[in-house]
There are 2 protein chains.
Amino acid sequence: MALEHAILVSLLEKPGSGYELARRFGRSIGYFWTATHQQIYRVLKRMQDDGWVDVRDVPQQGRPDKKEYSVADLGRAALSSWLHDPIEPESVRHDLAVKIRGAAFDDPTALIHEVERHRQAHRDQLAHYLAGQARDFPAPEPGSAAAQAPLDAERELQHVVLRGGIAYERMMIDWLDDVLATLAGFGPGR
Amino acid sequence: MALEHAILVSLLEKPGSGYELARRFGRSIGYFWTATHQQIYRVLKRMQDDGWVDVRDVPQQGRPDKKEYSVADLGRAALSSWLHDPIEPESVRHDLAVKIRGAAFDDPTALIHEVERHRQAHRDQLAHYLAGQARDFPAPEPGSAAAQAPLDAERELQHVVLRGGIAYERMMIDWLDDVLATLAGFGPGR
DNA sequence: GAATCCATGTAAGCTGTTACATGATTGC
DNA sequence: GCAATCATGTAACAGCTTACATGGATTC
């Protein structure tokens with residue numbers, strides 16, 4: 001299980017409330033790990049009981065008070081230990097692939113709209129990633145001060161993960177084009 | 001949930017026992033959907049109760065008897081209905097990406113071995129896919145009878161899913177190379 | 001007046017994993 | 001003799017999803 005660890009990473013990058021974490025898991029962190037707020041609150045409680053995180057009550061004006069969580073020493077140690085533990089390459093679950101193979105026993109062309117929808121979703125996601133990259137990681141001018149600046153591990157590692165997301169979306173778009181071409185070979189209306 | 005549907009697709013491709021299904025979920029189907037035998041037995045029982053599959057006792061010599069499952073009309077209808085239902089692009093859970101971003105708060109170079117291990121696993125998987133493709137989907141000679149043969153939906157769709165697996169592994173290998181280059185930028189011993 | 005945002009939670013149910021259990025046959 | 005393969009299951013637990021619940025502040 002890595003939800004605890006994903007939360008630790010997110011809180012190390014920036015402390016925040018359960019609500020804020022839930023939003024991050026719907027955005028930046030959500031690109032490679034999703035979680036609902038119910039899950040996050042439950043896990044945060046356990047992490048607090050285990051001494052992995054510290055809590056601070058933050059009163060607010062015009063808004064409900066919030067509990068701001070930050071990583072405690074025990075949490076840092078737990079993350080470090082997990083980082084040094086090998087994990088198995090994760091098992092894939094790809095509904096769309098099940099559907100595509102299943103389409104052989106139904107009408108293959110009926111799947112075209114569905115695949116097009118997914119392709120569009122991946123295009124949107126790619127555009128979103130590329131915009132984020134342009135905003136947060138502009139290419140440094142060669143020879144400029146920035147190009148020679150010492151490497152900031154946090155930034156560089158965030159960037160390489162983002163590049164992974166970009167590569168994934170591009171691969172998916174290309175593959176879904178391939179799928180559409182294959183499906184078109186059976187139709188129309190066949 | 002798509003485990004039921006993955007089982008339906010697998011049984012349509014070829015009827016078999018729970019044990020055989022479990023093996024398929026560790027091989028061909030397992031490339032995009034995994035399941036353990038415990039899960040499969042439980043779901044098969046439910047599918048049988050719901051009338052989605054038929055069972056036939058098959059006595060065997062020198063081996064325990066087995067129950068051979070095949071798809072019933074209700075199962076076929078359930079699959080068809082699922083195929084026509086739109087599904088949301090699935091949420092991703094990528095442990096390694098969590099680790100990579102987490103490495104910023106630990107020793108980034110300690111992750112190199114782990115990433116290399118994963119890269120090797122993806123290389124092995126790619127080699128396996130390519131061997132399967134060469135075996136099951138040899139390129140037809142242009143102008144040959146095979147090249148003009150009517151399209152076999154089951155085969156073509158299996159092939160396009162396999163091509164997706166190949167594209168995925170290639171993407172992952174390239175990305176993990178990128179990750180390694182990034183990690184190397186912080187070391188050695190830094 | 002309705003919808004959305006901020007903020008936190010409970011409860012029920014389903015899915016999935018891990019461990020345990022049995023028992024015959026085949027290959028080393 | 002030991003391990004692996006074939007074959008099917010039970011039980012306990014952990015993880016995740018969906019639905020429900022509350023309540024003030026802001027925006028349309």
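Just so it is clear: chains get the letters A, B, ... in the order the sequence lines come, proteins before strands, and each one is counted from 1.
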Neighbours of DNA chain D within residues 3-10 of chain B, by heavy-atom distance under 4.0 Å: none
Residue D73(B) excluded, over 12 heavy atoms near CG under 6.0 Å: no
Could you write nucleotides 18-24 of chain D as a row of B, S and -, 5' to 3', where a protein heavy atom under 4.0 Å of any base atom gives B, of only sugar-phosphate atoms gives S, and otherwise -? BBB--B-
Under 3.5 Å side-chain donor-acceptor pair for S70(A) and D54(A): no
Please determine whether the number of non-hydrogen atoms from other residues, nucleotides or ligands lying under 6.0 Å from atom CD of Q60(A) exceeds 12. yes
Does a side-chain N or O from K45(B) land closer than 4.0 Å to OP1 or OP2 of dT10(D), or not? yes
For DNA chain D, what residues of residues 17-28 of chain A have any heavy atom nearer than 4.0 Å? none
Parallel, tilted or perpendicular: which describes the rings of F137(B) and H159(B), with under 30° parallel and over 60° perpendicular? parallel
Looking only at side chains, do R101(B) and S10(A) share a donor and an acceptor under 3.5 Å apart? no
Nearest to the side chain of Y41(B), which nucleotide is it out of dG9(D), dC6(C), dT8(C)? dG9(D)
Any side-chain N or O of Q39(A) less than 4.0 Å from the OP1 or OP2 oxygen of dT17(D)? yes
Determine the interplanar angle of the Y168(B) and Y168(A) rings, folded into 0 to 90°, and report it as parallel if under 30°, tilted if 30 to 60°, perpendicular if over 60°. perpendicular
Let me know the distance between CZ of R63(B) and P of dT22(C), rounded to the nearest Å. 24 Å
Rounded off to whole Å, could you give me the CD1-to-P distance for the I40(B) and dT17(C) pair? 11 Å
Please evaluate residues Y129(B) and Y31(B) with respect to the criterion ring pair (Phe, Tyr, Trp, His ring centres under 6.0 Å), reporting the C-alpha separation (whole Å), side-chain torsions for both, the decisive distance (0.1 Å), and the verdict. CA-CA 9 Å; Y129(B) 284 165; Y31(B) 301 154; 4.7 Å; yes
Taking all heavy atoms of A103(A) and all of L111(A), pick out the closest pair and write down the distance. CB-CD1, 3.5 Å
According to a strict under-4.0 Å criterion, is K67(B) in side-chain N/O contact with OP1 or OP2 of dG9(D)? yes
Please confirm whether the shortest side-chain N or O distance from R46(A) to OP1 or OP2 of dG15(D) is below 4.0 Å. yes
Nearest heavy-atom pair of D95(A) and W82(B): which atoms, and what distance? O-CH2, 3.9 Å
Tell me whether the rings of H94(B) and W175(B) are parallel (<30°), tilted (30 to 60°) or perpendicular (>60°). perpendicular
Flag for H84(A)-E114(B): side-chain donor and acceptor within less than 3.5 Å: no
Assign each of K66(B) and R93(B) the nucleotide of DNA chain D bearing its closest heavy atom; nearer the 5' end lies the nucleotide of K66(B)
